[in-house]
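Read the numbers this way: they start at 1 and go in the same order the structure lists the ligands and their atoms. Heavy-atom basis, side chains included; hydrogens, waters and symmetry copies ignored.
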Amino acid sequence: MPQVLEFSDVVVRRNARDIVDHLDWEVSDDQRWVVLGPNGAGKTTILQLADTLIHPTSGAVTILGERLGRTDVFELRPRIGFASSAMARRIPAEETVLDVVLTAAFSVVGRWREDYEDIDERRALRVLAEWRLDDLADRTFGTLSDGEQKRVQIARSIMTDPELLLLDEPTASLDLGAREDLLTLLGGYAQAPTTPAMVMVTHHVEEIPVGFTHVLLLRDGRAVASGPIAEALTGESLTETFGTPITLREEDGRFTARAAR
Ligand SMILES: Nc1ncnc2c1ncn2[C@@H]1O[C@H](COP(=O)(O)OP(=O)(O)OP(=O)(O)O)[C@@H](O)[C@H]1O
Ligand SMILES: [Mg+2]
């Protein structure tokens with residue numbers, strides 16, 4: 001399977017500290033990764049590398065076959081979908097849901113005289129239906145619930161049919177029902193054959209959707225464990241990642257973790 005992401009001995013140094021510390025990591029196009037770790041572990045930083053927003057201090061990052069630093073990031077970026085709350089804050093509150101998704105076709109936020117093709121509009125409507133947003137197409141973004149806003153962000157990030165999809169805490173701040181609804185949608189999407197490689201960041205094993213295949217456990221910018229979920233996600237690896245004794249349980253492809261007694 002073709003490699004979508006390749007991190008080789010990657011270091012990101014900020015204020016004399018290695019916030020990504022000699023990381024090796026490979027993602028191929030049939031894999032769906034969860035990146036798990038405590039606050040400040042470096043999760044968002046590695047998504048920023050994968051989205052070409054920052055460069056490594058040393059080491060090599062190769063994205064969709066292009067080496068970061070030796071390629072035009074403006075050609076690479078449209079091939080990558082990225083949804084995060086930082087990006088959501090840039091969406092104007094008065095923008096309609098349809099426009100939030102449609103404007104992704106032009107890599108802009110805020111509709112401004114772009115000449116949209118019918119084909120883009122049809123695709124946007126199809127993506128909205130897939131993420132159960134069709135009833136909300138004419139609503140303004142600012143009037144949506146958190147759960148609805150999260151689904152719109154994901155719909156926007158897949159509008160351009162990316163080859164790599166990056167999601168930074170897509171289920172953060174959702175109530176139990178909204179979280180489970182979104183996890184069901186994400187799980188269905190992850191298992192569809194046409195879905196691109198995915199990397200999803202979360203703090204909680206409870207938020208790993210069914211259908212995700214691999215996990216990277218990060219602590220202080222270092223990989224504690226990395227590989228297929230069945231091998232890499234264990235009570236021991238979680239204990240080391242979060243620095244407190246943890247037991248892990250699995251039921252029907254979903255996980256729960258709690259402090260070890
Ligand atoms: N530009 C910067 N300058 C200095 N420190 C930075 C910079 N960017 C990130 N950091 C630090 O690097 C560490 C990793 O940050 P990052 O945002 O990747 O963590 P995270 O794993 O996403 O955390 P969270 O779960 O809280 O979102 C943090 O300690 C953060 O304060
Ligand atoms: Mg983060």
Side-chain angles (χ1 to χ4, degrees), residues 5-27 32-61 63 68-69 73 77 80-91 146-147 149-151 153-154 156-157 164-174 179 182-183 186 197-209 212 214-227 229 232-233 237-244 246 248 255-259:
L5 271 181
E6 219 173 320
F7 283 43
S8 176
D9 202 26
V10 169
V11 172
V12 176
R13 189 163 302 139
R14 296 284 184 270
N15 299 338
R17 188 163 70 91
D18 291 346
I19 62 174
V20 176
D21 193 358
H22 298 280
L23 181 67
D24 292 306
W25 183 38
E26 286 182 21
V27 174
R32 287 90 179 85
W33 281 76
V34 174
V35 179
L36 201 70
N39 291 125
K43 303 180 298 298
T44 296
T45 305
I46 68 169
L47 287 195
Q48 288 173 335
L49 287 164
D51 195 35
T52 77
L53 297 173
I54 60 171
H55 283 66
T57 309
S58 65
V61 174
I63 306 161
L68 203 52
V73 293
R77 227 169 260 165
I80 306 165
F82 187 18
S84 70
S85 45
M87 296 193 69
R89 281 194 290 274
R90 294 175 39 217
I91 297 174
D146 275 359
Q149 288 195 354
K150 296 277 188 200
R151 295 212 303 280
Q153 289 164 47
I154 297 170
R156 177 180 161 86
S157 67
L164 169 63
L165 179 62
L166 309 169
L167 304 173
D168 198 353
E169 300 191 43
T171 52
S173 85
L174 300 188
R179 181 192 83 176
L182 186 52
L183 289 177
L186 281 170
M198 296 174 76
V199 179
M200 170 183 151
V201 164
T202 177
H203 295 119
H204 302 293
V205 299
E206 288 78 2
E207 295 175 354
I208 300 177
F212 274 63
H214 288 68
V215 67
L216 170 64
L217 296 180
L218 271 189
R219 179 177 185 177
D220 294 334
R222 251 174 269 138
V224 172
S226 172
I229 288 178
L233 189 69
S237 62
L238 287 170
T239 296
E240 196 179 335
T241 304
F242 288 93
T244 189
I246 287 169
L248 176 74
F255 297 90
T256 50
R258 52 181 284 188

**Q.** Check: Ile46 and Val10 side chains under 4.5 Å, non-hydrogen atoms
**A.** no
Q) Does Arg14 CZ have over 12 foreign heavy atoms under 6.0 Å away? A) yes
Q | Residue contacts for ligand 1, heavy atom to ligand atom, distance under 4.0 Å | A | Arg14, Asn15, Arg17, Ile19, Pro38, Asn39, Gly40, Ala41, Gly42, Lys43, Thr44, Thr45, Glu169, His203
Q) Considering all heavy atoms of both residues, which atom of Val34 and which atom of Phe212 are nearest to each other, and what is their separation? A) CG2-CD2, 3.5 Å
(Q) Using 2.8 Å as the threshold, say whether any N, O or S atom from Thr44 sits that close to the Mg ion (ligand 2). (A) yes
**Q.** Considering all heavy atoms, the nearest Lys150-Pro170 contact
**A.** CD-O, 3.0 Å
Q: For Asp51 and Ile63, run side chain to side chain contact (heavy atoms under 4.5 Å, CB included): C-alpha distance rounded to whole Å, both residues' side-chain angles, the deciding distance at 0.1 Å, then the answer.
A: CA-CA 8 Å; Asp51 195 35; Ile63 306 161; over 6 Å; no
Q.
Can you tell me which residue among Val61, Leu49, Asp21 is in a side-chain contact (heavy atoms from CB on, under 4.5 Å) with Val12?
A. Leu49
